[in-house]
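Just below is one structure, and these are the notes that go with it.
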Amino acid sequence: MNTIRRNAAFLILTALALFFAGIVWFAMPHEREVKSLWVLLFKLVPFVFATEAIAQLDPVWAKRARLHLTVPLCFLVYFTFFVPKIFFYATVHPELYYYILTLTPFLILTFVFNYRLGGGAAHLVRRLSYAMILLMLSGLEDLAYLTVNEHTDPAWATIPEVWTWASHMTVRLGHPASKYEAYAFIVVHVVVALFVLLAPTRWFTPLTDRFRRGGAASRTVAAKAAEKAPAKAQASGDTTTDAPAAPAKPSAQRTPTG
């Protein structure tokens, strides 16, 4: 019970991430285009909860719970679900595009999860995760698609003047982005991602302190509950808790941990 209380933030955030991910995957249509800004924001909710859950993960407890065994499971999700889907929908671009959009945040979370399991700091988990999702939303991939491939279609031989297909830009700008608006959109996102990665830690201190206070409060409540239990037992006349031999036995049997 104490273990659950100490890791309550991680468990609750994980449950919320899975719940909202289930809504996005099972209840919402699998569409290539983003219909509105609210749809885009809602689809980011599972990612945010998952990022915060990983940041709250205690690496020491994770090692005891053998959570490193979930790393091969993450690989199997990629290799036995996404890869077959990609091959299957290789000629059906809208479906393929949706699976890639789902795969990319999954890979980001897998990366930061492994980093956290290896002892990475919670604030760096957040920096890495949010910087990478900003890069995903930046439009860099759209620009790369136009520049790294040898297009034979005249419509794509040069960079289009209006990026009508980039719905993730359209819902935020309010209209399809022109070529130069798209360039500015990309630059802004890359700059913000670099800020998230490189800004001094003290600039984020007020925000991280809130998370720390929340975690400390839950641990304090658990500690107080544990302290009150023996007092209640003594007040009710339970002699098993104040027998002189009881405290001595655990310390005699305890093995050194290092």
Side-chain angles (χ1 to χ4, degrees), residues 10 13-26 28 30-34 39-57 59 62 66-90 92-149 165-169 186 189-190 192-198:
F10 167 73
L13 288 167
T14 300
L16 288 171
L18 292 173
F19 174 75
F20 282 100
I23 293 176
V24 171
W25 187 258
F26 296 109
M28 299 182 71
H30 292 193
E31 296 176 328
R32 178 195 176 282
E33 292 191 1
V34 181
V39 171
L40 175 65
L41 293 175
F42 187 84
K43 287 186 174 182
L44 289 173
V45 169
F47 181 88
V48 172
F49 278 129
T51 295
E52 294 305 321
I54 294 169
Q56 293 289 338
L57 176 62
R66 296 191 174 186
L67 290 189
H68 63 280
L69 296 178
T70 59
V71 174
L73 293 179
C74 291
F75 170 74
L76 287 175
V77 171
Y78 158 75
F79 197 64
T80 64
F81 179 74
F82 284 105
V83 169
K85 289 290 187 181
I86 289 170
F87 285 141
F88 183 78
Y89 289 115
V92 186
H93 187 261
E95 282 292 333
L96 174 62
Y97 193 89
Y98 189 85
Y99 278 98
I100 295 297
L101 287 181
T102 307
L103 170 62
T104 305
F106 174 79
L107 290 177
I108 293 172
L109 293 171
T110 301
F111 295 153
V112 296
F113 179 64
N114 291 337
Y115 175 75
R116 183 62 170 159
L117 285 179
H123 73 280
L124 293 180
V125 167
R126 294 188 178 98
R127 283 184 184 239
L128 291 169
S129 189
Y130 292 132
M132 284 188 279
I133 200 67
L134 281 168
L135 292 175
M136 176 187 169
L137 296 171
S138 68
L140 270 175
E141 181 273 331
D142 297 279
L143 181 60
Y145 177 82
L146 296 169
T147 55
V148 304
N149 295 312
W165 72 92
S167 59
H168 62 98
M169 294 184 182
I186 293 170
H189 279 73
V190 171
V192 174
L194 289 173
F195 172 81
V196 171
L197 284 173
L198 303 175

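No experiment lies behind these values; they were computed from the predicted model shown. Quick note: residue numbers are just sequence positions, from 1.
Note that the OH atom of Tyr115 and the CG atom of Leu128 stand 6.0 Å from one another [nearest 0.5 Å]. Once rounded to the nearest 0.5 Å, the distance linking OG of Ser129 with CZ of Arg116 reads 13.0 Å. Of the inter-residue distances, the one linking Leu44 atom CG with Tyr130 atom OH reads 10.0 Å to the nearest 0.5 angstrom. To the nearest 0.5 Å, atom NZ of residue Lys43 and atom CG of residue Leu40 are 8.5 Å apart.
The environment of CZ in Phe42 is crowded: more than 12 heavy-atom neighbours from other residues, nucleotides or ligands sit within 6.0 Å.
In terms of the ring-ring contact (aromatic ring centres under 6.0 Å, His included) criterion, residue partners of His189 (sequence neighbours excluded) are, by chain and number, Phe185. Not counting sequence neighbours, the partners of Phe49 by the ring-ring contact (aromatic ring centres under 6.0 Å, His included) test are Phe20. Every residue meeting the side chain to side chain contact (heavy atoms under 4.5 Å, CB included) condition with Ala121, not counting sequence neighbours, appears here in chain and number order: His123, Leu124. Listed by chain and residue number, Asp142 satisfy the side chain to side chain donor-acceptor pair (under 3.5 Å) test with Trp165 (two or more places apart in sequence, or in another chain).
When every heavy atom of Arg127 is checked against every heavy atom of Val196, the shortest pair comes out as NH1-O, 3.1 Å. Scanning both residues, Thr51 and Arg126, for their nearest heavy atoms gives CG2-CA, 4.2 Å. Shortest non-hydrogen contact noted between Leu197 and Ala131 is CG-CB, 3.5 Å. In terms of heavy atoms, Gln56 sits closest to Leu13 at CG-CD1, 3.8 Å. Across every non-hydrogen atom of Thr14 and Ala53, the tightest pair is OG1-CB, 3.5 Å. When all heavy atoms are compared, the tightest approach of Ala21 to Pro46 is N-CG, 3.5 Å.
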Donor-acceptor contacts, no H, no angles, side chain residues 68-87, under 3.5 Å, sequence neighbours left out:
unit_1 : atom_1 : unit_2 : atom_2 : d
Thr70  : OG1    : Leu67  : O      : 2.5
Thr80  : OG1    : Leu76  : O      : 2.4

Pairs of donor and acceptor atoms involving the side chains of residues 98-110, under 3.5 Å and at least two apart or interchain, shall be tabulated with distances.
unit_1 : atom_1 : unit_2 : atom_2 : d
Thr102 : OG1    : Tyr98  : O      : 3.0
Thr104 : OG1    : Ile100 : O      : 2.9
Thr110 : OG1    : Phe106 : O      : 2.8

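Looking only at side-chain heavy atoms (C-beta outward), Met28 and Val39 come within less than 4.5 Å of each other. Put simply, the side chain of Val45 does not reach to within 4.5 Å of the side chain of Ile23, judged on heavy atoms.
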